[in-house]
Amino acid sequence: MLAKSKCVVLLSLVEDILDRATLDSEDTNASMLPLPTEDKLMQSSMMSVLDSVSYAIDRVACEIAYKSLTGSDAHEITMSVFEHLSSFHWDGKLVLTLAAFALNYGEFWLLVQFYSKNQLAKSLALLKLVPVQNRVTLESVSQGLNDLIREMKNVTACVVELSELPDRYITPDVPQLARILSTIPIAVYWTIRSVVACISQINMITAMGHEMMNTQMDLWETSMLANKLKNIHDHLSETLRLCYRHIEKQRSSESLKVLHSLFDTTHIDNMKILTALIHPKPHITPLQDGLTKRKVHLDVLRRKTVLLLISDLNILQDELSIFEQIYTESRRNLVGVDGKSHMPYEVVWVPVVDPIEDFERSPILQKKFEDLRDPMPWYSVDSPKLIERHVVEFMRGRWHFMNKPILVVIDPQGNEASLNALHMIWIWGTEAFPFTRSREEELWRRETFSLNLIVDGIDSVIFNWIIPDNYIFLYGGDDLDWIRRFTMAAKATAKDSNVNLEMAYVGKRNHSHREQIRRISETIRSENLSHSWAEPALMWFFWTRLESMLYSKIQLGKADDQDDVMQGIKKILSYDKLGGWALLSKGPEIVMIAHGAVERTMSAYDRTWKTHVPTKGYTKAMYDHHHDEVLRETGKPCGHFDFHITARSGRIPEKMNCFECQRPMEKYMSFTCCHDEKLHEDENYNF
């Protein structure tokens, strides 16, 4: 028997001989090859292998040489080799036969190379009838056999590599693997038969000498065999690819089970959990400190609450910008008397590239990763390659990561405090610490559906408007003509009614309209129609906070029709889908949320509800006319919501009633292309 590891050692020596067996001893490529026996340890290992198999190699070499000279059939010789090597596995049979060929072929070319330099070589060459002076014949031999020998080496290397695969994963009980591995004997047969053909041709040259010349080379046979072995090599290469994929899948499945078990176990700190997720290789520091830009070990996170910001490389700059503002403000507010920040938590960016091969072969993705990481003030995983496949699968399965960013909170003991705290961060910032469900419920008990909740933390200008006697319109849409009519009419009603009215444009939820909204916002500011944010990130944040409120309520099981916050947010999000809309508040109290027909209400002021302002008041007169007159003509639009597919986990309710007619809404699936993002799939709930 020839152990698997010994096959690899012997094959390296055989390949070295065949690579150096050329017409010219000064061949550049061959002379540059490293010698496998130069290392003392390798040489010792090689001698150990040869001591156990040298007899078998000599016997096969003699068997092939003798039978080829006596005119035996190639198939007969091949089967004879199989019989002599019957105690060896398929890889052993093949490597030993190739070694026998290397013994024969290497000796032939060694005599050719040293014929003119060494008298002993010259005498031996004459004795063995090597046609050293007939360069045409030698070139014919070299050219005729090179392609075939290359394919013989390739097939042998594949067979040996297949034999090296771990037995625990490559088993006969896997039908697909059993079927493809059954082709190995065929590969071994045709490679040994090719060895027989090569040795036969070399022996015929030395036996018949100069008389053979070019006619002794059966070019058709060598070409046919080379082509056949190439096809076999291609098949074996594909077999190897399938086997490695199967092994990786099995290992990933095992690692995934271990990871799940680890999260279901009690720990004294968070280090086992973090090590399993970010898997530092030996002697590698897996994190980069965002402030110092130095590499650090996971120990910096020991017994701390850790916020894992998990995303792909398409994370929005708006999202990073707002998150950084919240993080930086929190860090600044927690600086102690010693001048150091006493953050109760740490953030770690976990970049996911799936499959990781895309990252390894793409300089563009590598630069994109660096560009995203460089400005981050928090910790980041040093490379997406440190996040193994089973970890990505774990994140997708347990935490429902679907490329859109999520913020998983790991407490100091390694428990999952929250599977996604991003919505809490967007609503309350770091006040939501420690980001648990109980903390989320506690914060909601303090909230009411008011303008303070809608704009808190976004814009100090709007927040400063919120005083008891101020009327405030927030409005959105992408129809500039509607915006002009609405804002001008609203200002006119306020001026005539002698009330202080402030107005702010908040854009549109759909990110695919980003450039259009930016131009509209610029026009609003240049024409002084109302207040409007110059930073697109603030508009993104406004809509993201509203979505986060909706998701938070749904996750907490508050998706009922009696929840004022739910009802209000559903109206805004639904009306935004229809076009223009507006929200009116008096101080913090929200008076009315209306769709585009509110512009008709404003424009009808002089003809209708103006006379009721002195008796009913500005908001009451407006509200009554809008509901009693305008909506009677236009009708109330029923609800329409889009839930991004990444919100599927726990965020999309099983059922939802329309906020206008209270009837159950229907569920649809749609695909929406967003130019600022990757193509993504949306789920729409329509009535």
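Start at 1 with the first residue, then count along the sequence.
With respect to Asp382 and Arg373, a salt bridge is recorded, a charged nitrogen being found less than 4.0 Å from a carboxylate O. Using a cut-off of 4.0 Å between Lys/Arg side-chain N and Asp/Glu carboxylate O, Asp19 and Lys153 are scored as salt-bridged. A salt bridge links Glu431 with Arg446: the distance from a Lys NZ or Arg NE/NH1/NH2 to an Asp or Glu carboxylate oxygen falls below 4.0 Å. Look at Asp264 and Arg398 and you find a salt bridge, because one of the NZ, NE, NH1 or NH2 atoms lies within 4.0 Å of a carboxylate O, short of that distance. For the pair Lys367 and Glu370, the salt-bridge criterion is not met [side-chain N within less than 4.0 Å of a carboxylate O].
Side-chain atoms of Trp533 and Ser521 include no donor-acceptor pair closer than 3.5 Å. Counting only N and O atoms by type, the side chains of His235 and Thr183 include a donor and acceptor under 3.5 Å apart.
Here the CD1 atom belonging to Ile232 is positioned 11.5 Å from the OG atom belonging to Ser237, to the nearest 0.5 angstrom. With rounding to the nearest 0.5 angstrom, the CG atom of Asp371 is 12.0 Å from the CD1 atom of Ile364. Atom CG of residue Leu320 and atom OG of residue Ser311 lie 7.0 Å apart, to the nearest 0.5 angstrom. Here CD of Glu161 is found 11.5 Å from OG1 of Thr239. Values are rounded to the nearest 0.5 Å. Between Asp269 atom CG and Arg303 atom CZ the span is 5.0 Å, to the nearest 0.5 Å. Note that NZ of Lys257 is 11.5 Å distant from OG of Ser261, once rounded to the nearest 0.5 Å.
Gln555 has its side chain within reach of His423: a pair of non-hydrogen atoms, C-beta onward, lies under 4.5 Å apart. By the 4.5 Å heavy-atom criterion applied to side chains, Trp543 and Val506 are counted as neighbours. Leu277 has its side chain within reach of Leu308: a pair of non-hydrogen atoms, C-beta onward, lies under 4.5 Å apart. Side-chain contact between Glu254 and Arg168: present, with at least one pair of heavy atoms (C-beta onward) separated by less than 4.5 Å. Within the 4.5 Å cutoff, no side-chain heavy atoms of Pro344 are placed close to those of Thr305. Side-chain contact check for Glu447 versus Val565: every heavy-atom pair is 4.5 Å or farther apart. Counting heavy atoms from C-beta on, the side chains of Arg241 and Arg245 come closer than 4.5 Å. Proximity of Arg251 to Pro166: side-chain heavy atoms (C-beta onward) are separated by under 4.5 Å at one or more points.
A side chain to side chain contact (heavy atoms under 4.5 Å, CB included) with Val348 is found for exactly one of Leu274, Val306, Ile310, Leu298, namely Val306. For the side chain to side chain contact (heavy atoms under 4.5 Å, CB included) with Met549, the qualifying choice from Ile554, Thr544, Ile569, Leu573 is Ile569, the only one to do so.
The closest donor-acceptor contact from the side chain of His246 to the backbone of Tyr169 lies under 3.5 Å. Not a single donor-acceptor pair under 3.5 Å links the side chain of Asn415 to the backbone N or O of Ala417. Between the Asp358 side chain and the Val353 main chain, no donor and acceptor come within less than 3.5 Å of each other. Judged by distance alone, with hydrogens and angles left aside, the side-chain atoms of Lys293 form a donor-acceptor pair with the main-chain N or O of Asp374 at under 3.5 Å. With hydrogens and angles disregarded, no donor-acceptor distance shorter than 3.5 Å links the side chain of Ser321 to the backbone of Gln317. A donor-acceptor pair under 3.5 Å links the side-chain atoms of Ser418 to the main chain of Asn420, judged by distance alone.
Ring centroid separation for the pair His260 and Phe394 comes in under the 6.0 Å cut-off. If you look at Trp349 and Phe369, their ring centroids are closer than 6.0 Å. Between Trp540 and Trp426, the ring centre distance stays below 6.0 Å.
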Problem - Worked verdict on Ser330 versus Tyr345 for side chain to side chain contact (heavy atoms under 4.5 Å, CB included) - result: CA-CA 10 Å; Ser330 172; Tyr345 61 86; 3.3 Å; yes
Practice task
Let me see the working for Arg518 and Glu515 under salt bridge (Lys or Arg N to Asp or Glu O under 4.0 Å), right down to the final yes or no.
Solution key: CA-CA 5 Å; Arg518 185 191 63 79; Glu515 182 58 29; 2.3 Å; yes
Exercise for the section: Before giving the answer on side chain to side chain contact (heavy atoms under 4.5 Å, CB included), spell out for Thr430 and Tyr327 the whole-Å C-alpha distance, their side-chain angles and the decisive distance to 0.1 Å. Expected result: CA-CA 8 Å; Thr430 54; Tyr327 175 85; over 6 Å; no
Handout entry: salt bridge (Lys or Arg N to Asp or Glu O under 4.0 Å) between Asp299 and Arg302, worked out
Key = CA-CA 5 Å; Asp299 284 341; Arg302 188 184 295 273; 2.9 Å; yes
Handout entry: Residue pair Asn154, Lys230: steps toward the side-chain hydrogen bond (donor to acceptor under 3.5 Å, both in side chains) verdict
Key = CA-CA 8 Å; Asn154 288 342; Lys230 183 180 184 307; over 6 Å; no
Exercise for the section: Could you please spell out the steps behind the side chain to side chain contact (heavy atoms under 4.5 Å, CB included) verdict for Met395 and Ile406? Expected result: CA-CA 10 Å; Met395 293 173 177; Ile406 61 173; 5.7 Å; no
Handout entry: Trace of the side chain to side chain contact (heavy atoms under 4.5 Å, CB included) decision for Phe359 with Gln366
Key = CA-CA 6 Å; Phe359 181 80; Gln366 293 166 20; 3.7 Å; yes
Exercise for the section: For Arg439 and Glu442, run salt bridge (Lys or Arg N to Asp or Glu O under 4.0 Å): C-alpha distance rounded to whole Å, both residues' side-chain angles, the deciding distance at 0.1 Å, then the answer. Expected result: CA-CA 5 Å; Arg439 178 57 176 165; Glu442 178 188 345; 3.0 Å; yes
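Under the rule for a side-chain contact (heavy atoms from CB on, under 4.5 Å), the partners of Thr156 that lie at least two apart in sequence or sit in another chain are Leu11, Leu94, Val95, Leu98, Val160, Thr191.
The shortest non-hydrogen separation linking Val159 to Ala187 is CG2-CB, 4.5 Å. The two residues Leu313 and Pro351 make their nearest non-hydrogen contact at CD2-CB, 4.2 Å. The minimum heavy-atom distance between Leu262 and Ile273, with the atom names listed, is O-CD1, 3.7 Å. Shown here for Leu309 and Pro405, the closest heavy-atom pair between the two residues is CD1-CB, 4.5 Å. Of all non-hydrogen atoms in Ile427 and Arg545, the two that sit nearest each other are O-NH2, 3.0 Å. Annotation for Gln413 and Ile268: closest pair CG-O, 4.3 Å, computed over non-hydrogen atoms.
In this pair, Trp399 and Phe263 present their aromatic rings perpendicular. The plane angle is above 60°, beyond the 30 to 60° band.
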